Amino acid sequence: MYVFGRFSSIQIMMLNYYQRQRTAKVYEEKDSVFSHLNTDEVVKSLIADGLYLGIHLPDSWVREICEFAERNNCYGDGNLRLSFAYQERLAAQSSYGQSFRLGKYYNASLLCPAIEKLARDPKLLNIAAKYLKVESVHAGSWLWWSFPPTAAIYESTAAIGQVFHHDLEDYRCLRFYFYLSDTTLANGPHVCIRGSHRQKKLAYLLSLWRLRSEQDVIDYYGTSRIVTICGPAGFGFVEDPFCVHKGLPPTKGDRLILAIHFSINDYGVLGDRDDSLLLNSSQLTSK
């Protein structure tokens, strides 16, 4: 899939194959958290732009997920040996002798009921099914902090998606994002090239290297299609990750963000569950 899935002809062929195997289920939407959303409007925007802005997560849900993030330890740059409570990050960095670019939570969708419920929200499921055109699979949810990089680690931001790139994780995917802290230009907003899921120059498609320089992206797509997404806590959006995108590194405040990923197949590599982690006091702070 990774080698051939970047080509539209292969994507269409495989979508047709899966459509014959799995008919998309339509869910009753009355119990959705997102009463304001028009499913067809979202899908129409995704088809045209690969992006839809304005999925608002209710304040009570934001609070529940933020409380989870405060109670549970995260992991410096995703390293299982670098566990710390968010409130104690500076002390943890001093103790471990290194700075962190991010704090990643493991097993968040198992331990936080709000995240697990969001992955089963009927409107999100319907949007995913209508866009993917087959019964969708929830392939993973991720919750993480992004921190302002120090001078020593600023040059290595490519490792955490802070340069332009596209993701190729299935023949078609969809990813819902929710800011859980106020996100301005100073807090590391997400940036997407509108419509780039449908338009890539041949060099992008032929190369196995997914990272693109800022100037190369601007030269090819122009500046008018670059969307820098800012918003208050609870602001959400949905994106086809085959779009060229990146996260800007924060310059002042930290950013907490949740991503929920749907795809045609679950290859077992995108989930936030790690069975090597024991769900005990070594992972949790106070309940």
Side-chain angles (χ1 to χ4, degrees), residues 5-6 8 11 15 33-34 36-57 115 118-119 121 123-134 136-144 146 160-180 183 185 187-200 204 210-212 217 220-221 223-249 255-266 270 272:
R6 68 199 68 201
S8 59
Q11 292 174 2
L15 284 173
V33 174
F34 307 101
H36 62 284
L37 274 187
N38 182 306
T39 300
D40 292 333
E41 179 183 318
V42 176
V43 174
K44 182 179 179 181
S45 177
L46 286 168
I47 292 171
D49 298 329
L51 180 69
Y52 178 86
L53 307 178
I55 304 177
H56 302 287
L57 189 62
I115 296 177
L118 282 176
D121 185 90
K123 281 200 176 181
L124 300 194
L125 290 172
N126 281 345
I127 291 168
K130 288 185 177 183
Y131 183 68
L132 300 178
K133 297 185 177 180
V134 300
S136 63
V137 174
H138 171 229
S141 298
W142 315 296
L143 179 67
W144 75 97
S146 292
I160 53 171
Q162 292 177 340
V163 298
F164 277 119
H165 65 286
H166 65 269
D167 294 319
L168 185 61
E169 292 155 344
D170 205 350
Y171 297 104
R172 184 171 289 177
C173 304
L174 203 58
R175 195 172 294 161
F176 293 86
Y177 292 93
F178 298 96
Y179 290 147
L180 297 165
T183 302
L185 288 174
N187 306 111
H190 188 86
V191 181
C192 178
I193 307 299
R194 193 185 300 274
S196 56
H197 65 314
R198 301 175 62 185
Q199 179 190 352
K200 288 186 174 63
Y204 289 4
R210 298 180 297 113
L211 305 184
R212 309 296 168 203
V217 168
Y220 184 63
Y221 292 109
T223 57
S224 64
R225 294 169 63 179
I226 300 177
V227 183
T228 302
I229 305 170
C230 299
F235 182 85
F237 55 97
V238 56
E239 176 186 275
D240 183 331
F242 197 52
C243 280
V244 177
H245 62 277
K246 68 175 180 177
L248 291 176
R255 182 200 67 178
L256 181 63
I257 189 170
L258 171 68
I260 300 176
H261 185 92
F262 294 95
S263 58
I264 298 173
N265 301 289
D266 183 0
L270 296 177
D272 71 342

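Just the heavy atoms: all of them, side chains too, but no hydrogens, waters or symmetry mates, feed the values below. Because the structure is predicted, anything quoted here is derived from the model rather than measured.
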How about H245 and H165: are their ring centres within less than 6.0 Å of each other?
-> yes

Any idea which heavy atoms bring V238 and L46 closest together, and the distance?
-> O-CD2, 3.7 Å

Are any non-hydrogen side-chain atoms of K246 and V217 less than 4.5 angstrom apart?
-> no

Just by distance, do the side chain of R255 and the backbone of G188 share a donor-acceptor pair under 3.5 Å?
-> yes

List the steps, then state whether side chain to side chain contact (heavy atoms under 4.5 Å, CB included) holds for R6 with K200.
-> CA-CA 10 Å; R6 68 199 68 201; K200 288 186 174 63; over 6 Å; no

Should the ring pair F34 and H36 be called parallel, tilted or perpendicular, given that the plane angle runs from 0 to 90° and is split at 30 and 60?
-> perpendicular

Spacing of L180 atom CG and W144 atom CH2 [to the nearest 0.5 Å] = 10.0 Å

Which atom names give the shortest non-hydrogen contact between D40 and N38, and what distance separates them?
-> N-OD1, 3.1 Å

salt_bridge(D49, R225) N-O dist < 4.0 Å = no

One should read off an interatomic distance between L248 CG and I229 CD1, to the nearest 0.5 angstrom, of 10.5 Å

Test side chain to side chain contact (heavy atoms under 4.5 Å, CB included) on I127 and F176 and set out the steps.
-> CA-CA 10 Å; I127 291 168; F176 293 86; 3.9 Å; yes

Would you say the side-chain atoms of S136 pair up with the backbone N or O of A128, donor to acceptor, closer than 3.5 Å?
-> no

Can you check side chain to side chain contact (heavy atoms under 4.5 Å, CB included) on L258 and L57, steps first, answer last?
-> CA-CA 11 Å; L258 171 68; L57 189 62; 5.6 Å; no

When you look at T183 and F235, which way does the side chain to side chain contact (heavy atoms under 4.5 Å, CB included) test go after all the steps?
-> CA-CA 9 Å; T183 302; F235 182 85; over 6 Å; no

Y177 (side chain) donor-acceptor with E239 (main chain) under 3.5 angstrom = no

At their closest point, which heavy atom of F262 faces which heavy atom of A119, and how far apart are they?
-> CZ-O, 3.5 Å

Tightest non-hydrogen contact, residues I47 and R198, listed as O-CD, 3.1 Å

Hey, could you give me the CD1/CZ distance between I226 and R194, rounded to the nearest 0.5 Å?
-> 11.5 Å

Side-chain (S45) to main-chain (L51) donor-acceptor, under 3.5 angstrom = yes

L211 side, atom CG; F164 side, atom CZ - distance, nearest 0.5 Å = 12.0 Å

Closest non-hydrogen atoms of I193 and C243, given as atom of the first, atom of the second and distance, are O-SG, 4.0 Å

At what distance, to the nearest 0.5 angstrom, does CD of E169 lie from CG of N265?
-> 12.5 Å

Okay, side chain of K123, backbone of L37: is any donor-acceptor separation there less than 3.5 Å?
-> yes

Of all heavy-atom pairs between C230 and L185, which one has the smallest distance, and what is that distance?
-> SG-N, 3.8 Å

Between H190 and F237, is any pair of side-chain heavy atoms under 4.5 Å apart?
-> yes

Side-chain heavy-atom pair L53, V227 within 4.5 angstrom cut-off | yes

Any sub-3.5 Å donor-acceptor pair from D121's side-chain atoms to V33's backbone N or O?
-> yes

Aromatic ring proximity H166/Y204, centre distance under 6.0 Å = no

Check the pair D240, Y131 against side-chain hydrogen bond (donor to acceptor under 3.5 Å, both in side chains), reporting the backbone distance first and the verdict last.
-> CA-CA 9 Å; D240 183 331; Y131 183 68; 2.6 Å; yes

Gap between atom NZ of K130 and atom CG of L174 - 0.5 Å precision | 13.5 Å

